[in-house]
Colleague: 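Sharing a structure, written as structure tokens. Questions coming.
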Amino acid sequence: MNYRDLRIIYEDNHLLVVNKPCNLLVHGDKTGDRALTDVVEDYIRYTYKKPGNVFVGLTHRLDRPVSGATVFAKTSKALTRINNSFQKKEVKKTYLAITRSQPEEFEGRLEHYLLKDNEKNRVKLFGKQKKGSKKAVLDYKLIASINGYTLLRVHPLTGRSHQIRAQLSKMGSIIIGDRKYGNHTKALEDYSIGLHCYKMELEHPTLKEERSFIAKLPKAPHWNFFSNLDLNSLCK
């Protein structure tokens, strides 16, 4: 991905919020593949003609096949303050998930204990706490069903790895394309999954004002079914 293709939602001297495309790492890993952080660094370096290294602070992550709002800090002060907001659970994240099956309860809260297998990059869920497990909590609500696809609004209350994917699967609502948590699920043509970080709400690190950043839906057939909905109202 070229820095000129970066889809910027918001930018000032302290923050850069972008709409991450699917199948792009947020941060580099052992694969050595180009990551969103690299693209952001190039954007700042070439746009503002900054030679050498530039500061890019990653405040949170999205899985590789997931798209949506991603917040970067452009200063160390902003990074520290945003990280503190995440630790205090003051940042509100709204995801949209597409599944093929409707949940039995159209609205509810899911609570599990999550244990990650780092070798397989996969998590297991339990109803009771296990050694090394962490509590995972999310709220969900069914907001639309169109052409056999169901759209869920999801508010994760904890920031655990893969928790939305695993918890929805455990409920019986497997996210489309997510073969990691749905053995019989078909892969999508673009190898994404039907999960998108639609909105991030947080206090601006220097202005001390609440800000809301919305990432437009990807242009893909499964998302196009829901493109005419008033998502701003449905995702309050």
Side-chain angles (χ1 to χ4, degrees), residues 1-83 85-86 91-98 121 156 159 161-162 164-165 175 177-178 180 187-202 204-207 211-224 227 231:
M1 180 181 180
N2 190 286
Y3 75 91
R4 294 184 181 88
D5 300 321
L6 204 60
R7 291 177 287 179
I8 297 173
I9 299 171
Y10 175 86
E11 182 181 11
D12 63 20
N13 290 334
H14 296 274
L15 287 183
L16 178 63
V17 187
V18 302
N19 189 348
K20 172 191 170 304
C22 66
N23 291 322
L24 181 66
L25 290 166
V26 171
H27 194 273
D29 65 5
K30 61 184 180 182
T31 65
D33 292 345
R34 184 167 169 80
L36 182 59
T37 303
D38 301 321
V39 180
V40 170
E41 287 178 355
D42 284 350
Y43 167 77
I44 294 174
R45 183 179 296 113
Y46 292 113
T47 301
Y48 299 102
K49 297 179 173 59
K50 291 191 174 185
N53 295 329
V54 296
F55 183 88
V56 173
L58 178 61
T59 66
H60 65 110
R61 296 172 185 263
L62 294 180
D63 294 342
R64 186 169 190 155
V66 178
S67 57
T70 311
V71 180
F72 291 91
K74 294 171 68 177
T75 63
S76 58
K77 178 191 291 185
L79 179 61
T80 298
R81 292 180 177 176
I82 294 173
N83 283 343
S85 294
F86 271 103
V91 178
K92 184 178 180 181
K93 295 171 283 185
T94 302
Y95 285 79
L96 294 172
I98 301 177
N121 190 29
S161 178
H162 294 190
I164 297 175
R165 300 166 65 179
I175 295 172
D178 193 0
K180 187 181 288 285
L188 299 176
E189 289 186 4
D190 60 1
Y191 298 103
S192 70
I193 64 174
L195 185 61
H196 178 74
C197 184
Y198 177 70
K199 182 163 61 173
M200 296 281 291
E201 298 170 84
L202 53 86
H204 191 284
T206 59
L207 300 177
R211 295 295 177 91
S212 178
F213 307 111
I214 291 177
K216 293 181 180 179
L217 296 181
K219 293 181 179 179
H222 48 283
W223 289 109
N224 290 344
S227 60
L231 293 174

Colleague: Does anything in residues 211-220 form a salt bridge (charged side-chain N to carboxylate O under 4.0 Å, His left out)? List the pairs, not counting sequence neighbours.
Modeller: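 Only Glu209-Arg211 qualify under salt bridge (charged side-chain N to carboxylate O under 4.0 Å, His left out).
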Colleague: Would you call the rings of Tyr10 and His204 parallel, tilted or perpendicular if under 30° counts as parallel and over 60° as perpendicular?
Modeller: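 Tyr10 and His204: perpendicular rings.
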Colleague: Which atom pair, heavy atoms only, marks the closest approach of Cys197 to Ala215?
Modeller: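 Scanning both residues completely, I find the closest heavy atoms to be O-CB, 3.7 Å.
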Colleague: When rounded to the nearest 0.5 angstrom, what distance separates CG in Leu96 from OH in Tyr198?
Modeller: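 OH of Tyr198 is found 7.5 Å from CG of Leu96.
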Colleague: Taking salt bridge (Lys or Arg N to Asp or Glu O under 4.0 Å) as the definition, give me every residue that meets it alongside Asp42, ordered by chain and number, with sequence neighbours left out.
Modeller: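 Asp42: salt bridge (Lys or Arg N to Asp or Glu O under 4.0 Å) contacts with Arg34, Arg45.
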Colleague: Does the side chain of Thr94 come within less than 4.5 Å of Ile214's, by heavy atoms?
Modeller: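 They are not in side-chain contact.
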Colleague: Using the rule given for side-chain contact (heavy atoms from CB on, under 4.5 Å), can you reason through Leu217 versus His222, listing the C-alpha separation, both sets of side-chain angles and the distance that settles it, and then say yes or no?
Modeller: CA-CA 10 Å; Leu217 296 181; His222 48 283; over 6 Å; no
Colleague: Testing the basics here: between Leu62 and Gly68, what is the closest heavy-atom pair and its distance to 0.1 Å?
Modeller: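 That closest heavy-atom pairing would be CD1-O, 3.7 Å.
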Colleague: Within a strict 4.5 Å, meaning less than it, do heavy atoms of the Val66 and Cys22 side chains meet?
Modeller: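 The answer is no; the side chains never approach within 4.5 Å.
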Colleague: Could you go through His27 and Thr37, starting from their C-alpha distance and side-chain angles, then the distance that decides it, and tell me whether this counts as side-chain hydrogen bond (donor to acceptor under 3.5 Å, both in side chains)?
Modeller: CA-CA 6 Å; His27 194 273; Thr37 303; 5.1 Å; no
Colleague: Is there side-chain contact between Pro205 and Leu15, with heavy atoms separated by less than 4.5 Å?
Modeller: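 They are in side-chain contact.
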Colleague: Considering non-hydrogen atoms only, spot the tightest contact between Asp190 and Ala220 and give its length.
Modeller: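 Taking every non-hydrogen atom into account, OD2-CB, 4.4 Å.
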Colleague: Show every salt bridge (charged side-chain N to carboxylate O under 4.0 Å, His left out) that has at least one partner inside residues 5-18, sequence neighbours left out.
Modeller: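 Residue pairs with at least one partner in residues 5-18: Glu11-Lys74.
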Colleague: With heavy-atom distances below 4.5 Å as the criterion, would you say the side chains of Tyr43 and Leu16 are in contact?
Modeller: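 A side-chain contact exists here, since the closest heavy-atom pair is under 4.5 Å.
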Colleague: Which heavy atom in Val26 sits nearest to a heavy atom in Ala35, and how many Å separate them?
Modeller: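 Closest approach of Val26 to Ala35, heavy atoms only: O-CB, 3.8 Å.
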Colleague: Any sub-3.5 Å donor-acceptor pair from His162's side-chain atoms to Asp63's backbone N or O?
Modeller: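 Between the backbone of Asp63 and the side chain of His162 there is no qualifying donor-acceptor contact (under 3.5 Å).
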Colleague: Under 3.5 Å, side chain of Ser227 to main-chain N/O of Trp223, donor-acceptor pair present?
Modeller: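 Here the side-chain-to-backbone pair does not exist.
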Colleague: Could you tell me if the side chain of Thr206 sits less than 4.5 Å from the side chain of Arg81, heavy atoms only?
Modeller: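 SC-SC contact between Arg81 and Thr206 confirmed.
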Colleague: Please find the pair of heavy atoms, one from Leu195 and one from Ala97, that lie closest to each other, and give the distance.
Modeller: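 The pair with the smallest heavy-atom distance is CD1-CB, 3.9 Å.
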Colleague: In sequence, state the C-alpha distance, the side-chain angles, and the governing distance for Leu188 and Ile193, and then conclude on side-chain contact (heavy atoms from CB on, under 4.5 Å).
Modeller: CA-CA 7 Å; Leu188 299 176; Ile193 64 174; 5.5 Å; no
Colleague: Going from OG1 on Thr70 to NZ on Lys20, what distance comes out if it is rounded to the nearest 0.5 angstrom?
Modeller: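 The distance works out to 6.5 Å.
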Colleague: What distance separates Ser67 OG from Leu24 CG, expressed to the nearest 0.5 Å?
Modeller: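 The distance works out to 11.0 Å.
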Colleague: Tell me every residue that passes side-chain hydrogen bond (donor to acceptor under 3.5 Å, both in side chains) with Thr75, counting only those two or more places apart in sequence or in another chain.
Modeller: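 By the side-chain hydrogen bond (donor to acceptor under 3.5 Å, both in side chains) rule, Thr75 matches His14.
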Colleague: Please set out all donor-acceptor pairs under 3.5 angstrom arising from side-chain atoms of residues 49-60, sequence neighbours excluded.
Modeller:
residue, atom, partner, partner atom, Å
Thr59, OG1, Val71, O, 2.7
His60, NE2, Val71, N, 2.9

Colleague: According to salt bridge (Lys or Arg N to Asp or Glu O under 4.0 Å), who are the partners of Arg64, at least two apart in sequence or on a separate chain?
Modeller: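 Result, salt bridge (Lys or Arg N to Asp or Glu O under 4.0 Å) vs Arg64: Asp33.
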Colleague: For Lys93 and Gly159, which heavy atoms make the closest approach, and how far apart are they?
Modeller: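 Result for this residue pair: NZ-CA, 4.1 Å.
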Colleague: Kindly indicate whether the side chain of Leu202, heavy atoms from C-beta on, has any atom under 4.5 Å from the side chain of Phe213.
Modeller: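 Leu202 reaches Phe213 side chain to side chain.
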Colleague: Contact between Lys199 and Leu231 at the side-chain level, heavy atoms closer than 4.5 Å - yes or no?
Modeller: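 Sidechains of Leu231 and Lys199: no contact.
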Colleague: Within the structure provided, determine whether Glu189 and Pro221 are in side-chain contact (heavy-atom separation under 4.5 Å).
Modeller: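 A side-chain contact is absent here, since even the closest heavy-atom pair is not under 4.5 Å.
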Colleague: Return yes if some donor-acceptor pair links the side-chain N/O of Asn83 with the main-chain N/O of Thr80 below 3.5 Å, else return no.
Modeller: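 Not confirmed, Asn83 side chain does not pair with Thr80 backbone.
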